Amino acid sequence: MPFGRQRKEFPSHLWTQCPTCGEMLFNKQLVRNHNVCTKCDHHFRLGARERIELLVDKGSFTEHDTELTSGDPLGFSDQKPYPVRIQQSQAKSGEKDAAICGTAMIDENAVELAVMDFDFMGGSMGSVVGEKLTRAAERALANRTPLLIVSSSGGARMQEGTLSLMQMAKILGALHRLDEAGLPYFSILTDPTTGGVLASFASLGDIIFAEPNALVGFSGARVTSETIGEKLPKGFQRAEFVLEHGFIDQVVPRAQLRDRIAYFLNAFRPSARDLRWSL
Amino acid sequence: MPFGRQRKEFPSHLWTQCPTCGEMLFNKQLVRNHNVCTKCDHHFRLGARERIELLVDKGSFTEHDTELTSGDPLGFSDQKPYPVRIQQSQAKSGEKDAAICGTAMIDENAVELAVMDFDFMGGSMGSVVGEKLTRAAERALANRTPLLIVSSSGGARMQEGTLSLMQMAKILGALHRLDEAGLPYFSILTDPTTGGVLASFASLGDIIFAEPNALVGFSGARVTSETIGEKLPKGFQRAEFVLEHGFIDQVVPRAQLRDRIAYFLNAFRPSARDLRWSL
Amino acid sequence: MDVVDRLLGKKTTEGNGHLPEDAGLITDAASLTAQRTPWQSVQLARELRRPHSIEVIDGLFEKFQELHGDRGYRDDPAVVGGIAELDGVGPVVVVAQQRGSTTEENIARSFGMPYPEGYRKAIRLYRMAEKFHLPLVTLVDTPGAYPGPEAEERGQAEAIAKSIATMCGLQTPIVAIILGEGGSGGALALAVGDVVLALQNAIYSVISPEGAAAILWRSATEAERAANALKLAASDLLRLGIVDGLIPEPAGGAHTDPQATIGAIKSALIVQLDRLGRIPIADLLAARYERYRHIGVVVEPLPGAVPVAKKEPFWRRIMRPA
Amino acid sequence: MDVVDRLLGKKTTEGNGHLPEDAGLITDAASLTAQRTPWQSVQLARELRRPHSIEVIDGLFEKFQELHGDRGYRDDPAVVGGIAELDGVGPVVVVAQQRGSTTEENIARSFGMPYPEGYRKAIRLYRMAEKFHLPLVTLVDTPGAYPGPEAEERGQAEAIAKSIATMCGLQTPIVAIILGEGGSGGALALAVGDVVLALQNAIYSVISPEGAAAILWRSATEAERAANALKLAASDLLRLGIVDGLIPEPAGGAHTDPQATIGAIKSALIVQLDRLGRIPIADLLAARYERYRHIGVVVEPLPGAVPVAKKEPFWRRIMRPA
Ligand SMILES: [Zn+2]
Ligand SMILES: [Zn+2]
């Protein structure tokens, strides 16, 4: 069911109200429009599987590392034990953890694709996300293909403590090797991309795209607001604001995202004379 | 005569009044103190020859390219023809143009040293300055020694038009090669370092020192002030202000400059096992 | 004549010996007839209706995709850059200064005067060109770097210097084109190239004629006199070896027929990039170094001491008074 | 045991097999006795009188010369860096976070919370270490990166990410030492190293205990509980393979005898740098990559699919539940 989250916010199983324009949207139509309001272009969140379907050449996605799941290295328990939380998230989402990775074609370019899943514990990054994203980067390096990561995350996963923090360095180490090898890495920021995810791989794409109005920030707006004890500037931490401040290449509406990525994949593809990708 | 400029500002040949503290300073004592006020540490400008004496191991300076002088490629004339201006500046200063370059030792480290001379047409950079500084960088590269440039300049020399502008690229091309070779380049900013000199080699030292209260800016304060039509912030374009804004490593009093340079020369000197400088 | 020959310093009798005939370029300053006065060039270069960078980019390239931001402070609208497709060449990185054609656009783009973050965006895109082995095309059109206090505080001088130094060592072919006004260091920060071209009525100067007049004649009304003295017109730049060729404009100036102007730019660009693309990077960087190394005029009584090649092509010669 | 052996994955019976005995380091978590609770560590790590970076630098090194500025926006006083001489090792680059010992100093240094320009200054100094083949020493002591809106606007996340990535590829040996509080990404931006050490009462956490309590238990008073759960104490970090060794503190904590503490840091640092300095850079970078590559705990039903070396030393092992 693609509408796990929206359904909670809007009672009807058939209709969803657009929070921007107030329009009542027929859910089937909304899904057909990739969760974008047909009236005002408000971008609802999109599930990871739907995101993959939106981006890749039909039927070209081969998933990797499907069986990786979390351990409980800290023996962590808050309102409930971490393993229980993981099991419940798995049952609810049907996914093993908060990232789906695989090889795919986009406009006939082979790519490694990693998509974070906000529905799984807020897209939080623990060891599994770190391991899967690192493997995706390593596969891209081994196969000399570009890497795409679609972020959607509240940040690092607290339940794995400092091990979660270390995933930032682990992934950036792999991305550094990709960069040295001259391979392109595309970072796509979707609502929300915050915390340790933004402060690592999400901010260092050769090209950085964001979806309209996506929340893009390091510190929670609440923390930031308390720090200064006053109201934040209009549009603070929204994609368009971050674009103006120089950290995003383009804000791209979802309907154009696939073609836009394809354009740059083709532009960066080495010419016949240039052997650099085909080691 | 080391006091060409100060003499104009202060009538007495024997005494100079400090513009900061108002103290009347005995010229001979001031010279002994390298043109720094003995009461308040106000830094008067220092001539290029005196600067060299201040910095290098006694008797170690061997000057190069002593005979280079300007042509008149544009046939330039304002109040007087450019060649006349050059001749008059040469007669007054005893120098051929606005930079003195040579090989020297500083604390027993061989270095290439280039010192700009504000007394020669305001230290303006034309083809001769560009050529001499480029040759200094090329000598440093050939001999695997560090390079020091002491800047003191109003910017590019208008009388050589766009050719003066091109000297920025010429010198930076040579500095880029020095950087690639892993050789250190020290930029020392003295009053004033502005315009095209600041917007090229002066801003890109591995280490950037400035003298206290030196004027360091790209656009003339008059132009800048007119641009906003209001008063400029306190200390604007002074070394301490530029330090706070992140573009200078240290503001170093003249009395400590030599030792400070020596410290970094020694720190950057390759160890016995490290052959990188001795190509 | 092939650029490879030019790298070897070979000369031919056609043209001035380094730019291909079919580019339609003016490479021999002596051949220029019916020239305008420098002051007329200044006015044409600043003409509001003159085709500005975005219009030129739209005409030159297919599918331009703009990329934003310096990754440090702000996206500066006075510098426009991105990836574009050039017929027969393929994708290139293009970086340009954009001044406005209207007052509103000029205010939005600070009259084409970049802030430090504009140059830092440029540097980022230069590095992208290098990483992906794409040629770099720059379009220069600015009165100069923005001279306001915030620009000073954020390091206008450092940004310009780093941009120039980055271009000096950038491992990909660069063609720089002076479209209109090339104002001082703020223009040079986009104008270091393997080949530097200028539109026929472009200007390129170390200081604006008004600025020079105010300093040298203590009167802004002497700007015309300063324009003459500064030798800032494209034909002068060609003679001085600062630009390698002039792109012809329609008789009344570029704004009277933008399409024809852009067509001339395009054919020049294609020819240059095609040839530069065949040169090994190490040779290209060596030639780029030599290009700037030999600009300037110095007099040295002991010519044996001048460390320059004995046989230089015209465009790389140190000019010396006779 | 020599670091070269460690690179080869060799084990010995002494210690935990990779850090030299003479460093006085605690490298075996099981050997730790009379431990404090995590919450006591949190309080000791934040102790105002605890020796902070500048005091430690002054004690560790001869002739420290501070270098200022990020070359882009500002000199951030929360990050202190420069060149210093270390006995028997020679010059090194040191970069540290500086919190204050007084309210005034804390305000001046934003409580040791760097702005983006602080991280950009750090990156500049990392590059300087690389250029001049100087080892890099970092001292970590921060509640986290500054969370204010200007920091967000100037790219706090980008600056941290770039700092981490730069350290991952930096071609010179790096020793990082967690002195006091290692707060999240703002600490990690200075803490990627070939060897990462921590003072015995230091903490290093993905989130502050107060922050975790507010989110997980919806009550800031549950900070102690969160501190326990987060496994943020140095002994936990050693067990988890996040730090390679603990530097012993005096019984009452570092602040009860700063000189002894700094002496212990110094002897550990000298031994590590001496050994790292003998390793070829390519091997060092490979080992650094592997160090982080293997941190984390994952469960995978098909172990054949896990692309990790079969024989790993303890400190590089992927921890797996039994
Ligand atoms: Zn709507
Ligand atoms: Zn005084």
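Lettering follows sequence order; numbering is per chain, from 1. In this text the structure is predicted, and so the values were computed from the model without any measurement.
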Chain C heavy atoms under 4.5 Å from [X]: which part of the residue, side chain, backbone, both or neither?
X: B/Gln159; result: side chain
X: B/Phe241; result: side chain
X: B/Ser77; result: backbone
X: B/Ala202; result: neither

Under the 3.5 angstrom rule, does the side chain of [X] hit a backbone N or O of [Y] as a donor-acceptor pair?
X: C/Glu300; Y: B/Glu67; answer: no
X: B/Glu131; Y: C/Val297; answer: no
X: C/Glu152; Y: B/Ser219; answer: yes

Closest non-hydrogen atom pair between [X] and [Y], with its separation:
X: B/Phe247; Y: C/Gly155; answer: CZ-CA, 3.2 Å
X: C/Leu230; Y: B/Leu74; answer: O-CD2, 3.6 Å
X: C/Leu188; Y: B/Leu165; answer: CD2-O, 3.4 Å
X: C/Ala145; Y: B/Phe218; answer: CB-CE2, 3.8 Å
X: C/Val206; Y: B/Ala156; answer: CG2-CB, 3.4 Å
X: B/Thr162; Y: C/Ser205; answer: OG1-CA, 3.6 Å

Check whether any side-chain heavy atom of [X] sits under 4.5 Å from a side-chain heavy atom of [Y], and report yes or no.
X: B/Leu198; Y: C/Gln156; result: no
X: C/Lys162; Y: B/Leu204; result: yes
X: B/Gln167; Y: C/Tyr292; result: no
X: C/Glu153; Y: B/Pro233; result: yes

Please classify the contact of C/Arg154 with chain B as side chain, backbone, both or neither, using a heavy-atom distance under 4.5 Å. backbone
In terms of heavy-atom proximity below 4.5 Å to chain B, should C/Leu216 be classed as side chain, backbone, both, or neither? both
Output the option from C/Ile242, C/Ile160, C/Val192, C/Ile207 having the highest count of non-hydrogen pairs under 4.5 Å with chain B. C/Ile242
Nearest 0.5 Å, please: how far is [atom2] in [Y] from [atom1] in [X]?
X: C/Leu170; Y: B/His176; atom1: CG; atom2: NE2; result: 9.0 Å
X: B/Leu172; Y: C/Met167; atom1: CG; atom2: CE; result: 12.5 Å
X: B/Met166; Y: C/Leu237; atom1: CE; atom2: CG; result: 8.0 Å
X: B/Glu180; Y: C/Cys168; atom1: CD; atom2: SG; result: 11.0 Å
X: B/Glu160; Y: C/Lys231; atom1: CD; atom2: NZ; result: 13.0 Å

Taking every non-hydrogen pair under 4.5 Å, which of [options] racks up the most with chain C?
options: B/Gly126, B/Ala174, B/Gly155; result: B/Ala174
options: B/Thr194, B/Thr69, B/Val216, B/Asp97; result: B/Thr69
options: B/Val242, B/Ile171, B/Thr134, B/Val128; result: B/Thr134
options: B/Met158, B/Lys96, B/Glu244; result: B/Met158
options: B/Gly75, B/Gly246, B/Ser203; result: B/Ser203

Assess whether a salt bridge exists between C/Glu290 and B/Lys170, defined as any Lys/Arg side-chain N lying under 4.0 Å from an Asp/Glu carboxylate O. no
